[in-house]
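What follows is a short report on a single structure.
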Amino acid sequence: MGELGADDGAGNTYSLRPSLQRRFKSSTVKECIHAILKEKLANVQYVPEEMPQLTKSLSEIIKDRLKEEGFDRYKMVVQVVIGEQRGEGVNMAARCFWDADTDSYAHDVFMNDSLFCVVAAFGCFYY
Amino acid sequence: MDDFQSAEETTFVVDEVSAIIKEAIESAIGGNAYQHSKVNQWTTSVVEQTLNQLTKLGKPFKYIVTCVIMQKNGAGLHTASSCFWDNSSDGTCTVRWENKTMYCIVSAFGLAI
């Protein structure tokens, strides 16, 4: 059979790994998230009735933005957590079971006087 | 015929995962009150236990588990997630747990290989 990766004319071109340029780059994704949070949450106050809608729409917006970035063959998960600032203690942790070579994540935190927002975006390569 | 996996082995079974998460939360923070010095250890232990049990299921999945623990003091908390995946094989399960002094929200995402 042909060697892995070499195009011997028979069309063995299915790549099992993303190329270096098309990796789910943590820094690129973090910048996207940061820009969106800054734009959408700049002067927002914590209003209990509006928060569910805001959280949902924020996660959709970020997911759509990441789709536009063009991470081919990547499955993505975006999680948004918004909380009121009242001096309470909060702790968030995440663990993943994946292929460290191809998969990655990025996160960002936004805070203003009345709320805090944590966004975590995970990308898993689909073989 | 033997090479093809049955449906149970290649889809994300929410009930199974939900039970695993509940058990992990109970054993890690079951009877405790919120303590700032310990909360880091608790979130870590909840996620690690959940992930360990999920991998023991032996299914062809990649897993992502997140946990948020928040002290109860009247503040509000909202979480939302948006996913770009294959609906027929991938899934998510979120468990909300609370006691007198804190809230705990654990989300597990399973993505088929």
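Proteins come first, then strands; the chains are lettered A, B, ... in the order of their sequence lines, and each starts at number 1. Everything quoted here is computed from the prediction, not taken from an experiment. Note: hydrogens, waters and symmetry copies are ignored here, and every other heavy atom, side chains too, is used.
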Report yes if some heavy atom in the side chain of Met102(B) is under 4.5 Å from a heavy atom in the side chain of Val39(B); otherwise report no. no
Calculate, to the nearest 0.5 Å, the distance between atoms CG and CG belonging to Leu115(A) and Leu41(A) respectively. 6.0 Å
Say you draw a straight line from CD1 of Ile105(B) to CD1 of Ile25(B); how long is it, rounded to the nearest 0.5 Å? 9.5 Å
Under a side-chain separation threshold of 4.5 Å, the hydrophobic residues clustered together with Leu20(A) are none
In terms of heavy-atom pairs under 4.5 Å, which option from Ile64(B), Leu54(B), Val68(B) contacts chain A the most? Ile64(B)
Test applied, ring pair (Phe, Tyr, Trp, His ring centres under 6.0 Å); reference residue, Phe71(A); option that passes from Phe122(A), Phe24(A), Phe125(A): Phe24(A)
Given a strict heavy-atom distance threshold of 4.5 Å, which part of Leu51(B) is in contact with chain A: side chain, backbone, both, or neither? side chain
Highest number of heavy-atom pairs under 4.5 Å with chain B: which of Val78(A), Leu54(A), Leu58(A)? Val78(A)
I need the residue from Ala94(A), Gly87(A), Ala121(A), Gly89(A) with the largest number of non-hydrogen atom pairs under 4.5 Å to chain B. Gly89(A)
By a 4.5 Å heavy-atom criterion (distance strictly below it), what part of Pro48(A) contacts chain B: side chain, backbone, both, or neither? backbone
Is the CD atom of Glu26(B) crowded by more than 12 outside heavy atoms at less than 6.0 Å? yes
Out of Ile82(A), Val118(A), Val90(A), Leu66(A), which one racks up the most heavy-atom pairs below 4.5 Å with chain B? Ile82(A)
Honestly curious: do Phe109(B) and Ile20(B) fall in one hydrophobic cluster under the side-chain, below-4.5 Å linking rule? no
Side chains of Met111(A) and Val109(A) in contact at under 4.5 Å (non-hydrogen atoms): yes
Would you check, one step at a time, whether the test side-chain contact (heavy atoms from CB on, under 4.5 Å) holds for Ile62(A) with Cys32(A)? CA-CA 8 Å; Ile62(A) 295 176; Cys32(A) 289; over 6 Å; no
Between chain A and chain B, which donor-acceptor atom pairs come closer than 3.5 Å, counting both backbone and side-chain atoms?
{"residue": "Thr43(B)", "atom": "OG1", "partner": "Asn91(A)", "partner atom": "OD1", "Å": "2.8"}
{"residue": "Glu48(B)", "atom": "OE2", "partner": "Arg95(A)", "partner atom": "NE", "Å": "3.1"}
{"residue": "Glu48(B)", "atom": "OE2", "partner": "Arg95(A)", "partner atom": "NH2", "Å": "3.0"}
{"residue": "Lys62(B)", "atom": "NZ", "partner": "Asp103(A)", "partner atom": "OD1", "Å": "3.2"}
{"residue": "Lys62(B)", "atom": "NZ", "partner": "Asp103(A)", "partner atom": "OD2", "Å": "2.7"}
{"residue": "Lys62(B)", "atom": "NZ", "partner": "Phe125(A)", "partner atom": "O", "Å": "3.2"}
{"residue": "Lys62(B)", "atom": "NZ", "partner": "Tyr127(A)", "partner atom": "OH", "Å": "3.1"}
{"residue": "Tyr63(B)", "atom": "N", "partner": "Phe97(A)", "partner atom": "O", "Å": "3.0"}
{"residue": "Tyr63(B)", "atom": "O", "partner": "Phe97(A)", "partner atom": "N", "Å": "2.7"}
{"residue": "Val65(B)", "atom": "N", "partner": "Arg95(A)", "partner atom": "O", "Å": "2.9"}
{"residue": "Val65(B)", "atom": "O", "partner": "Arg95(A)", "partner atom": "N", "Å": "2.9"}
{"residue": "Thr66(B)", "atom": "OG1", "partner": "Gln79(A)", "partner atom": "OE1", "Å": "2.8"}
{"residue": "Thr66(B)", "atom": "OG1", "partner": "Gln79(A)", "partner atom": "NE2", "Å": "3.4"}
{"residue": "Cys67(B)", "atom": "N", "partner": "Ala93(A)", "partner atom": "O", "Å": "2.8"}
{"residue": "Cys67(B)", "atom": "O", "partner": "Ala93(A)", "partner atom": "N", "Å": "2.9"}
{"residue": "Ile69(B)", "atom": "N", "partner": "Asn91(A)", "partner atom": "O", "Å": "2.8"}
{"residue": "Ile69(B)", "atom": "O", "partner": "Asn91(A)", "partner atom": "N", "Å": "2.9"}
{"residue": "Gln71(B)", "atom": "N", "partner": "Gly89(A)", "partner atom": "O", "Å": "2.9"}
{"residue": "Gln71(B)", "atom": "OE1", "partner": "Gly89(A)", "partner atom": "N", "Å": "2.9"}
{"residue": "Asn73(B)", "atom": "ND2", "partner": "Arg86(A)", "partner atom": "O", "Å": "3.0"}
{"residue": "Gly76(B)", "atom": "N", "partner": "Glu84(A)", "partner atom": "OE1", "Å": "3.2"}
{"residue": "Gly76(B)", "atom": "O", "partner": "Glu84(A)", "partner atom": "N", "Å": "3.0"}
{"residue": "His78(B)", "atom": "N", "partner": "Ile82(A)", "partner atom": "O", "Å": "2.7"}
{"residue": "His78(B)", "atom": "O", "partner": "Ile82(A)", "partner atom": "N", "Å": "2.7"}
{"residue": "His78(B)", "atom": "NE2", "partner": "Tyr46(A)", "partner atom": "OH", "Å": "3.0"}
{"residue": "Ala80(B)", "atom": "N", "partner": "Val80(A)", "partner atom": "O", "Å": "2.8"}
{"residue": "Ala80(B)", "atom": "O", "partner": "Val80(A)", "partner atom": "N", "Å": "2.7"}
{"residue": "Ser82(B)", "atom": "N", "partner": "Val78(A)", "partner atom": "O", "Å": "2.8"}
{"residue": "Ser82(B)", "atom": "O", "partner": "Val78(A)", "partner atom": "N", "Å": "2.8"}
{"residue": "Phe84(B)", "atom": "N", "partner": "Met76(A)", "partner atom": "O", "Å": "2.7"}
{"residue": "Phe84(B)", "atom": "O", "partner": "Met76(A)", "partner atom": "N", "Å": "3.0"}
{"residue": "Asp90(B)", "atom": "OD1", "partner": "Lys75(A)", "partner atom": "NZ", "Å": "3.3"}
{"residue": "Asp90(B)", "atom": "OD2", "partner": "Lys75(A)", "partner atom": "NZ", "Å": "2.9"}
{"residue": "Ser107(B)", "atom": "OG", "partner": "Gln79(A)", "partner atom": "NE2", "Å": "3.1"}
{"residue": "Ala112(B)", "atom": "O", "partner": "Lys75(A)", "partner atom": "NZ", "Å": "3.1"}

